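Have a look at the structure below, then the notes.
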Amino acid sequence: MPQRPIRVLLAKLGLDTHTVGVTVIAHALRDAGMEVIFTGLKQTPEMVANTAIQEDVDVVGVSSLSAGHMRNLPRLAKLLQEKGGGDKLLVAGGVIPEQDAPAIRAAGYAHIFTMGADTREIITFIQDWHARQETTAP
Amino acid sequence: MSGAMQPLAAEAIAGKVAAGARLIRWLEDGDPRGRAALRDLYPHTGRAHLIGITGPPGAGKSTLVDALVAEERQRGRRVGVIAVDPSSPFSGGAILGDRLRMQRHAADEGVFIRSMGSRGQLGGLSRATFDAVLVLDAMGYDRVIVETMGVGQDELDIVGLAHSTVIVNVPGLGDEIQAIKAGLMEAGDIFVVNKADRDGADQTLRQLELMLHLRTRHPSGDDWQPPLLAVVSTRGEGIAALVDALDHHASHLHDSGGFEARLGSRSHHLFLGLLRDGAARRLMEQALDQPEIAALVEAVRSRRIDPYSAADTLVARIHLQP
Ligand SMILES: Nc1nc2c(ncn2[C@@H]2O[C@H](COP(=O)(O)OP(=O)(O)OP(=O)(O)O)[C@@H](O)[C@H]2O)c(=O)[nH]1
Ligand SMILES: [Mg+2]
């Protein structure tokens, strides 16, 4: 049993009301030894940023449907920076058109998982990032 | 203790949310920086009213906490919440679902909500829950509400932690209301029947009332009469009365000296536990360097000496340096 579980926040910004995918991911992360918190639906970037800070998660996984993601995703990244959560791994998921991906990455998202990404891929990505953090930590 | 304050401790005392959140993380993860910070925070604790919410799984504890937070905010108080959910014994991971029901407060800067996995603890809390409570107390939250994981019956660590323990029941448990063992009846400072919109609420209230009459007096001789309240957390009904009862209990504790006494007794127990762990560790380290005692330890392992006599032998040799 890992002594220091990786903590992950799964968040749904705006009008995205699909919960099946996030439930599957939550269970997979739990089974991989992580502590998972779900924000529920219809969150604003402010709510997600506050939650991520209060919960002091390592990872914030956000999904946002096309409407608004170009505004919401960068805004969340900026708020996290401002509130002292700039060290967290930010990843995005859901339906993000190819042409928007570079801007989202530039805003601070380390990876964009497309709809239906394999949960093992997500777990590996998080674990690899975390292992790198541990080795570079003071 | 002199010297500079742990920087995050200073920030947390000044109310910086990210700092307090990180301290809780350190304490939870057993990072030594957490303990160092706690030393600095400690003089700033002891002010918050600590409220425990416990009851069976699915009783509506999180929904009740959500409603309580709303009412406390109406009254202008800043609120910290710690919600404990069970960790998986297999993976060590957890889905921390309590927060989901309180998320409408996420944009409110006067509310701090933290989810914790039980991480192998069985008493309804996690090992670091009390430490996290201290952090929120030092950060200046007026109320710190702790939701335990859904408890069976005897797992009542919360009683030693909180000033006021609220036991949440629901209608329709039928004979299982017996699940409220004598221990629980003694432990509660306030009893709530949630989901009072459901059939059978009256019956549950009557049963509880009866049990409260039969309740043995609080071992400390406290003359508090625990109130019994019906609430509908989903609609906020009865919540103002519950906050009134909590306030009433807090002033009762202040008047009787119980407010400090409960915290003090918690600190005392924590101290004893730390002493037990630390002394055992230190003794074992030193003892193993002495062949005669190493032999004693080995004799216990190979069952040639019973553990009681062996421990007595070793304990008899402990002398504190003056
Ligand atoms: N009818 C009714 N349902 C309620 C009430 N309060 C809570 N519920 C429902 O009861 C269910 C469980 O609520 P939670 O608040 O998650 O219960 P809990 O005790 O925190 O659950 P665990 O943390 O898993 O032990 C949810 O579906 C709530 O909507 C109430 O007053 N009336
Ligand atoms: Mg709950």
Side-chain angles (χ1 to χ4, degrees), chain A residues 1-13 19 22-58 76 79-88 119 123 126-127 130 134 137-138, chain B residues 8 11-12 16-31 33 66 80-120 126-128 132 135-136 139 141:
Chain A
M1 189 181 283
Q3 269 300 106
R4 308 163 87 161
I6 299 173
R7 285 169 65 86
V8 182
L9 179 67
L10 297 176
K12 289 257 172 192
L13 280 170
T19 52
V22 78
T23 309
V24 171
I25 294 170
H27 281 82
L29 297 182
R30 191 261 323 263
D31 292 343
M34 302 182 200
E35 289 182 346
V36 187
I37 298 148
F38 177 44
T39 58
L41 306 173
K42 297 187 179 161
Q43 301 289 299
T44 63
E46 284 76 11
M47 292 168 90
V48 177
N50 286 351
T51 303
I53 301 276
Q54 289 170 16
E55 298 286 355
D56 197 12
V57 290
D58 303 286
L76 169 60
L79 282 169
L80 271 176
Q81 286 284 353
E82 286 170 8
K83 290 170 185 274
D87 55 349
K88 304 185 191 311
T119 52
I123 291 166
I126 293 174
Q127 286 174 337
H130 191 251
E134 296 279 274
Chain B
L8 279 196
E11 287 183 24
K16 188 162 178 239
V17 176
R22 179 59 47 91
L23 290 184
I24 294 174
R25 184 73 193 270
W26 283 349
L27 290 159
E28 229 187 345
D29 286 350
D31 187 312
R33 287 172 293 184
D66 172 67
V81 175
I82 293 165
V84 186
D85 265 317
S87 299
S88 158
F90 305 106
S91 69
I95 293 178
L96 307 175
D98 294 325
R99 184 185 184 105
L100 193 51
R101 309 220 179 267
M102 314 170 190
Q103 191 61 6
R104 66 169 155 150
H105 302 292
D108 182 347
E109 304 286 340
V111 178
F112 183 123
I113 300 169
R114 180 61 168 250
S115 315
M116 295 181 115
S118 60
R119 298 194 183 179
S126 77
R127 207 179 291 277
V135 174
L136 295 184
M139 287 173 80
Y141 291 96

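Note that this is a predicted model, so its numbers are computed, not measured. Numbers restart at 1 for each chain; the letters A, B, ... are given by sequence-line order, proteins then strands.
- Only the side chain of A/D87 comes within less than 4.5 Å of a heavy atom in chain B; its backbone stays farther off.
- From B/R104, atom CZ reaches atom NZ of A/K42 across 15.5 Å, with rounding to the nearest 0.5 Å.
- In this structure, the separation between CZ on A/R30 and OG on B/S91 is 6.0 Å, given to the nearest 0.5 Å.
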A/T51 vs B/R99, side-chain contact (heavy atoms from CB on, under 4.5 Å): CA-CA, chis, key distance, verdict: CA-CA 9 Å; A/T51 303; B/R99 184 185 184 105; 3.2 Å; yes
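- Between A/P5 and B/G92, the closest heavy-atom pair is CG-O, 4.3 Å.
- Counting heavy-atom pairs closer than 4.5 Å to chain B, the top-ranked of the candidates A/V36, A/I53, A/L10 is A/V36.
- Nearest heavy atoms, A/T39 versus B/Q103: O-CG, 3.2 Å.
- We find the CG-CD1 distance between A/D31 and B/I95 to be 7.5 Å, quoted to the nearest 0.5 Å.
- For A/K83 against B/A18, the heavy-atom pair with the smallest separation is O-CB, 3.4 Å.
- Within the 4.5 angstrom heavy-atom criterion, only backbone atoms of B/V111 (N, CA, C, O) approach chain A.
- For B/R25 and A/D58, the salt-bridge test passes: some basic side-chain N is under 4.0 Å from an acidic carboxylate O.
- A/E35 has no carboxylate O lying under 4.0 Å from a charged side-chain N of B/R114, or vice versa, which leaves the two without a salt bridge.
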Working note: A/R7 + B/L96, criterion side-chain contact (heavy atoms from CB on, under 4.5 Å); need CA distance, chi angles, decisive distance, verdict. CA-CA 10 Å; A/R7 285 169 65 86; B/L96 307 175; 3.9 Å; yes
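- Residues A/E55 and B/I113 share a closest heavy-atom pair of OE2-O, 3.5 Å.
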